[in-house]
Structures are given as C-alpha cells and as structure tokens.
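Worksheet: the structure to be examined is printed underneath.
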Amino acid sequence: TCKPCNGTGRTPGLVDTIFAEHPVTEVVLTDVEIAITGSRYWIASYEFNVALMQAGWDISFPSIETAQESISQRCVNMGRRRAGLKPTVWGNS
C-alpha cells in the first residue's frame, strides 16, 4: 500500500499551505473546459458539476467570462477557508 495515499490514489494537496503563505487572488483551472448550450455556459465535466452542485454553487453562467471569474472567485475563497482565512468579498458580490 502506498503510504502517502494509503491505497486511495489521492494525496493531500497543497491548497492550505499555498493560501496560508501567498496572497492568492486568482485561480485558473486549466483542465476544466467550459461549454455552451443555447445561451448558457456550463462546465464541461459531469463529475465537476456534481461537486459544485453539492457545494451549492451555480453551474450555469451567462458568458464564458462570467463562468471563469465565478469559478476563480469561489476557488480562491475555498482555498482561503481551508487555510483558516476569511473569504474575500468581491466587488460584484
């Protein structure tokens, strides 16, 4: 059995450390595609959408820019919370 992952295939990430030690203001998920259906933009990953819905996040956006900005802001706040920091209040919140 792999000691770091204890056989699960997953290891703890660096989110807590990175956010505690650096002033992260933006997160770009390079492996998440955004698709369009009609006039709405969606994250093109069923698994990712399920995780977002379980967290209470919207998964449909009016534009690709709004989708990218919203995902970034939510990831920043998630990282801040995991590091024991208060969430950032965004100008358009």
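Numbers here simply count residues along the sequence, with the first being 1. Fair warning: this is a prediction, and the values are worked out from it, not measured in the lab.
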Hydrophobic cluster identity match, Ile59 and Ile71, side-chain contacts under 4.5 Å: yes

Approximate separation, where rounding is to 0.5 Å, of Ser63 OG and Arg40 CZ: 9.0 Å

Listed partners of Arg82 passing side chain to side chain donor-acceptor pair (under 3.5 Å), at least two apart: Asp16

Leu52 CG to Glu47 CD distance, which is reported to the nearest 0.5 Å: 11.0 Å

From CD (Glu69) to CD1 (Ile64), nearest 0.5 Å: 13.0 Å

Within-4.5 Å side-chain heavy-atom neighbours: Ser72 and Val28: no

Single-linkage hydrophobic cluster, 4.5 Å side-chain cutoff, Val76 and Leu14 together: yes

Connected via hydrophobic side-chain network under 4.5 Å: Val32 and Trp57: yes

Cluster overlap Leu85 with Val24, hydrophobic side-chain contacts below 4.5 Å: no

Residue pair Phe19 / Cys75: nearest heavy atoms and the distance that separates them: CZ-O, 4.1 Å

Any Arg74 side-chain heavy atom under 4.5 Å of Asp58 side chain: yes

Heavy-atom pair of closest approach, residues Ala20 and Ala83: N-CB, 3.7 Å

From Ile36 atom CD1 to Tyr41 atom OH, the distance as rounded to the nearest 0.5 Å: 3.5 Å

Gln73, Met78, Arg80, Arg81 screened by side-chain contact (heavy atoms from CB on, under 4.5 Å) with Pro87, the one that passes: Arg81

